[in-house]
Amino acid sequence: MISLQRMLGLFMLMLLHGVVTFPLELNPPRVVVRYGDSVSVNCSTSSTDHEGMGWEATFGGTDSKKNVSIVTWTVDNLTDWTIEPICYMTLIDGKQPSKVLPVILYKTPDSVSISVLRHSGPMVEGTEYQLQCDIQNMAPLQNLVVKWYKGNEPLDKLTYSNVSKTPVDMSPTLMISPSRHDDGAQYRCRAELDLGPEGPQPHPTVTSEPLSITVHYKPVIECPSQYSVVENSTLERIPCTFNGNPPPNVVWYQESRQVNVSTPLARTDFGQYVITITNYIDSTSSIVHITVEYAPKFICTDQYKVKENENHNLSVTCTVDGNPSSKITWLKGQQEVDIPQSLTRGNRGAYTLVTNNTHGKATHNLFIDVLYAPEFLPGNDTVEVSAGSDVSLDCSAEGNPPPELRWTNNTAEGNANEATVGRLRTLYISRVTANATYNCTVTNGLGSITKQIHVLVDVPPQQHPTMFSTAPSTPGTMTTLPATAKPKVVTFPLELKPPRVVVRYGDSVSVNCSTSYTDHEGMGWEATIGGTGFEQDVNIVTWTVDNLTDWTIEPKCYVTLIDNEQPSKVLPVILYKTPDRVSISVLRHSGPMVEGTEYQLQCDIQNMAPQQNLVVKWYKGNEPLDKLTYSNVSKTPVDVSPTLMISPSRHDDGAQYRCRAELDLGPEGPQPHPTVTSEPLSITVHYKPVIECPSQYSVVENSTLDRIPCTFNGNPPPNVVWYQESRQVNASTPLARTDFGQYVITITNDIGSTSSTVHITVEYAPKFKCTNQYKVKENENHNLSVTCTVDGNPSSKITWLKGQQEVDIHQSLTRGNRGAYTLVTNNTHGKATHNLFIDVLYAPEFLLGNDTVEVSAGSDVSLNCSAEGNPPPELRWTNNDAHNVKSSTEGRQRTIRITKATSTNAGIYICTATNRVGTATRTTTVTMKGGFTSIILTIVFVFLVILLIVFPIVFFMCKKRQGFYDFIPVNQPNGVPLMPLPTTGVGNHDPEGYPMKV
């Protein structure tokens with residue numbers, strides 16, 4: 001019944017009066033006010049036909065003032081974010097036009113700051129990052145403009161369509177992908193309030209402090225493809241330019257081995273080089289072909305021997321090492337000469353070789369020795385002598401090397417002695433009695449020739465000598481041609497003691513030669529050094545040399561028998577010399593070696609003999625590696641340089657290599673064998689690093705990555721870098737709780753790099769993420785499991801306490817659950833507590849129901865309205881704004897007091913209780929004691945019928961039209977309105993569609 005009455009009142013209001021408006025002017029028509037500032041606005045009208053005017057507002061409202069055409073709304077300190085001041089005017093017919101003053105209350109942010117989300121430290125070129133602008137405590141949101149800048153360059157602008165009059169915190173973001181050109185760039189964000197033309201100009205603005213970024217990027221390099229340097233320059237002189245951030249590490253390589261850029265380049269260091277520059281982002285390389293230029297230097301012996309008329313190889317034997325290359329000029333006695341391809345003995349002599357290039361000049365003295373076989377000089381082939389006389393036979397020859405001359409068959413009879421003067425070897429024969437042929441044999445390294453000289457004895461006629469044979473003789477035998485027989489070969493034992501000798505170069509030596517036979521004419525030694533004369537009547541002769549230096553000596557002991565036979569025995573002599581120096585080196589390499597690469601060690605053995613007795617032994621530490629012997633025969637001193645290939649491993653780092661030259665001279669030689677050992681060669685082996693890390697590891701907050709038990713090794717010692725999500729992480733920076741996840745540790749040296757992945761869990765004591773107050777509507781499901789969470793690792797359970805009593809929190813709460821709670825949780829690293837007040841909100845509820853009050857004319861009456869709710873509801877009476885009706889509020893009760901009631905006070909009074917959860921209404925019907933009740937009921941019945949017919953039309957009109965409506969009681973013809981109903985403001989209708997005053 002009450003609802004029908006309300007609907008009837010509304011319907012009568014619309015039908016009987018229609019819409020009435022009257023102009024009110026606001027000056028200014030709208031205001032923009034800074035939070036906490038003062039504001040003043042005039043409301044005026046040109047009409048004087050009104051009962052009064054005033055302002056309705058939560059702050060600064062005025063009472064209705066009569067006999068005025070202007071009222072002022074003033075607030076000294078405006079802090080109500082949702083204020084909507086209303087200027088109203090009461091006309092004499094009871095109508096009440098009003099006008100709402102649009103108020104924008106604004107507040108600039110407390111702070112504006114810029115940061116990078118989920119990242120710290122340098123950025124990496126080409127990677128996306130999210131900047132966040134934290135704008136704290138500003139209003140209103142719909143007027144906010146966020147502007148992004150890089151330096152002074154605008155990047156982006158953001159506005160908001162959401163409406164929020166109260167202060168909010170905003171955190172807009174901007175995605176950036178920095179390049180190397182952005183290194184050092186400064187980013188800023190600006191919060192600007194565009195409050196329209198009424199707002200301050202220029203717009204209120206707060207700008208963040210600049211965020212300077214560091215951008216790490218891959219290195220780039222530019223080098224010449226070819227470059228020439230002078231010997232002893234360094235690779236640092238190569239004009240290569242490079243750039244990268246962090247500054248790259250620069251390494252030069254040649255043939256995959258690292259080269260020290262500060263080491264002077266030798267002439268052998270030419271070739272292709274690779275320069276590699278590396279930082280943790282990436283690496284890049286460039287190839288440079290380097291030519292090393294240097295002054296010329298002759299590579300040539302001091303003496304060159306060649307056989308006559310054979311092609312020489314001087315172009316190979318005597319070369320110039322220089323860059324640029326240069327031509328050799330040959331000088332012989334200051335005269336420039338050409339060297340023919342084949343040389344004769346006339347080309348023998350001393351030469352000066354001269355050459356030069358842009359870096360210097362070189363000279364070299366060379367003696368060319370042209371070798372040729374022996375040739376006899378002219379001389380007599382037949383000598384005639386008288387029987388019993390002495391004779392001398394001359395044999396002379398030339399050759400290069402100077403030939404050795406030897407007579408054979410020189411003891412046909414009588415005594416014979418040999419003497420050498422220059423190139424002439426003379427055989428002196430005494431008491432010649434018979435014809436004989438003597439052989440002169442001439443020998444050098446290129447050949448041997450024999451010449452026969454015949455001795456003819458002038459004999460008495462009764463003797464008939466035989467004819468001489470011209471057949472060549474055999475060395476070591478004697479041929480005589482007496483009248484009655486041909487020569488025969490006779491041998492006889494000779495004993496040498498010792499039978500062979502091994503002598504150190506320059507030492508003394510002594511050997512006895514003996515025979516047991518006494519029927520001989522004499523014996524002696526033939527030797528280039530230490531030879532003896534022909535000694536008679538002895539059975540032993542001694543060959544002695546105090547300082548043996550002849551490398552090719554072959555001493556021979558001989559004995560002359562009475563039949564002129566001459567058996568002989570050659571003494572085997574080994575003359576040896578230990579090396580002047582033995583050294584070990586690495587061929588074509590300097591500096592550290594690289595694991596797995598082959599290198600060639602060289603053992604330089606200088607000036608030793610004989611080569612065929614040399615044994616070269618290689619050692620690593622005390623471990624034998626190899627042994628080398630020689631089949632070449634060389635009695636004279638030589639230099640040899642045997643080599644050994646090695647491929648070192650990391651276990652060989654610091655190993656010492658040695659080579660040893662040992663002379664195995666047989667049982668006659670010294671024991672132990674003469675030995676010379678090189679100084680040790682210590683090698684450094686560089687090798688790729690290796691790493692071992694756990695796949696998963698848990699650390700406590702504020703630990704560092706240095707604590708992760710990773711073991712690694714490499715040479716050179718590797719550089720260790722940690723990465724997370726492709727960005728480098730400082731291993732000494734304490735780990736925050738948000739730093740969990742997958743990390744990659746990369747260790748790098750100039751040989752290579754290797755990585756290991758570690759999933760790191762950061763553990764820490766629990767901490768509540770929760771507000772101090774939580775509001776929820778009664779019987780609605782809460783989201784406390786999302787709103788109040790625990791940040792901790794390991795995770796932990798929340799215990800709820802209410803007054804020291806553990807309680808369970810149901811999914812939906814009632815007003816009985818309202819109150820203060822203590823939340824408790826703990827894990828292995830600590831304990832946390834949090835105090836939370838749960839505020840259960842519910843819609844208003846009236847303490848009393850609807851009521852009907854009957855009042856006598858002229859009496860006073862009070863209408864009380866009270867309700868409860870959370871938050872506490874606002875109570876408002878909707879009633880006829882008569883001069884004898886006043887309202888007041890005490891606690892949760894709002895009272896209307898009618899003094900000296902008249903018939904105009906009769907009607908329906910509506911009390912509306914409103915909070916953020918909902919709205920409730922309660923009606924009180926005021927009736928006057930008297931005869932009007934039946935008339936009113938009749939009118940209600942008639943209009944009820946009409947209402948049922950036209951209700952759809954009325955509903956449509958309510959939606960489309962706004963205005964002011966008066967409800968005129970049927971028993972009051974004077975037109976005095978019962979209740980003014982303003983139509984502006986938020987939430988100005990109750991749940992059943994009736995207007996409510998705001």
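Both backbone and side-chain heavy atoms feed into the values below; hydrogens, waters and symmetry mates do not. None of the values given here were measured: they were computed from a predicted structure.
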Asks: Whether the side chain of His782 engages the backbone of Ser785 through a donor-acceptor N/O pair (distance < 3.5 Å, no angle test) should be reported.
Replies: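 Absent.
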Asks: Step by step, would you call Ser796 with Thr825 a side-chain hydrogen bond (donor to acceptor under 3.5 Å, both in side chains)?
Replies: CA-CA 6 Å; Ser796 56; Thr825 190; 2.5 Å; yes
Asks: Measure the shortest side-chain to side-chain distance between Phe768 and Leu836 over non-hydrogen atoms and say whether it is less than 4.5 angstrom.
Replies: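 With C-beta onward as the side chain, the pair stays apart.
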Asks: Is there a donor-acceptor pair under 3.5 Å between the side chain of Lys107 and the backbone N or O of Tyr35?
Replies: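 No, because the side chain of Lys107 does not come within donor-acceptor range (under 3.5 Å) of the backbone of Tyr35.
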Asks: When rounded to the nearest 0.5 angstrom, what distance separates CG in Leu193 from NE2 in His203?
Replies: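 So the gap between those two atoms works out to 9.5 Å.
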Asks: Hey, is the main chain of Cys189 close enough, under 3.5 Å, to the side chain of Ser208 for a donor-acceptor pair?
Replies: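 Here the side-chain-to-backbone pair exists.
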Asks: If only atom types and distance count, is the side chain of Thr895 paired as donor or acceptor with the main-chain N or O of Ser888 below 3.5 Å?
Replies: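 No, the answer is negative, given that no donor and acceptor are paired below the 3.5 Å cut-off.
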Asks: I'd like to check Thr761 versus Val699 (side-chain heavy atoms, cut-off strictly below 4.5 Å). Are they in contact?
Replies: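 Answer no - side chains too far apart.
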Asks: For Asn827 and Pro794, indicate whether the former's side chain and the latter's backbone hold a donor-acceptor pair under 3.5 Å.
Replies: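 Side chain of Asn827 to backbone of Pro794, a donor-acceptor pair under 3.5 Å: yes, one is there.
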Asks: Look at atom CZ of Arg916 and say whether more than 12 heavy atoms of other residues, nucleotides or ligands are closer to it than 6.0 Å.
Replies: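 No, the 6.0 Å shell around CZ holds no more than 12 heavy atoms from other groups.
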Asks: Going by distance alone, is a donor N or O of one side chain under 3.5 Å from an acceptor N or O of the other, for Asp791 and Tyr764?
Replies: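 Short answer, yes.
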Asks: Would you mind checking if Arg818 and Asp839 are paired as a salt bridge, meaning a charged N to carboxylate O distance below 4.0 Å?
Replies: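 Salt bridge present between Asp839 and Arg818.
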Asks: Go through the steps for Asn783 and Tyr774 under the test side-chain hydrogen bond (donor to acceptor under 3.5 Å, both in side chains), then give the verdict.
Replies: CA-CA 10 Å; Asn783 64 345; Tyr774 179 75; 2.4 Å; yes
Asks: Please determine whether the number of non-hydrogen atoms from other residues, nucleotides or ligands lying under 6.0 Å from atom NZ of Lys767 exceeds 12.
Replies: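 At most 12 heavy atoms, drawn from other residues, nucleotides or ligands, come within 6.0 Å of this atom.
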Asks: Keeping Asn143 on the side-chain end and Asp194 on the backbone end, is there a donor-acceptor pair under 3.5 Å?
Replies: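 It does hold such a pair.
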Asks: Can a donor-acceptor pair be found, under 3.5 Å and without considering hydrogens, that links the side chain of Asn915 to the backbone of Tyr842?
Replies: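 Between the backbone of Tyr842 and the side chain of Asn915 there is a qualifying donor-acceptor contact (under 3.5 Å).
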Asks: Could you check whether any side-chain N or O of Arg188 sits under 3.5 Å from a backbone N or O of Gly151, counting only pairs where one atom can act as donor and the other as acceptor?
Replies: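 Yes.
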Asks: Please check this pair: side chain of Trp73 against backbone of Glu56, looking for a donor-acceptor N/O pair closer than 3.5 Å.
Replies: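 Looks like no, no N/O pair under 3.5 Å.
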Asks: Take Thr173 and Gln132, measure what side-chain hydrogen bond (donor to acceptor under 3.5 Å, both in side chains) needs, and give me the verdict at the end.
Replies: CA-CA 4 Å; Thr173 60; Gln132 178 170 289; over 6 Å; no
Asks: Are Tyr160 and Gln142 side-chain neighbours, meaning at least one heavy-atom pair lies under 4.5 Å?
Replies: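 No, their side chains stay 4.5 Å or more apart.
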Asks: Kindly indicate whether the side chain of Val116, heavy atoms from C-beta on, has any atom under 4.5 Å from the side chain of Gln130.
Replies: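 Counting from C-beta outward, Val116 and Gln130 never come under 4.5 Å.
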Asks: Between Ser111 and Asp134, is there a side-chain donor-acceptor contact under 3.5 Å, judged purely by atom types and distance?
Replies: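 No donor-acceptor contact under 3.5 Å links the two side chains.
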Asks: Can you confirm whether the side chains of Thr814 and Glu778 place a donor and an acceptor under 3.5 Å from each other?
Replies: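 Their side chains do not contain a donor-acceptor pair, so the 3.5 Å distance test is not met.
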Asks: Quick check: does any side chain N or O of His834 sit under 3.5 Å from a backbone N or O of Thr771, one acting as donor and the other as acceptor?
Replies: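 Side chain of His834 to backbone of Thr771: a pair is present.
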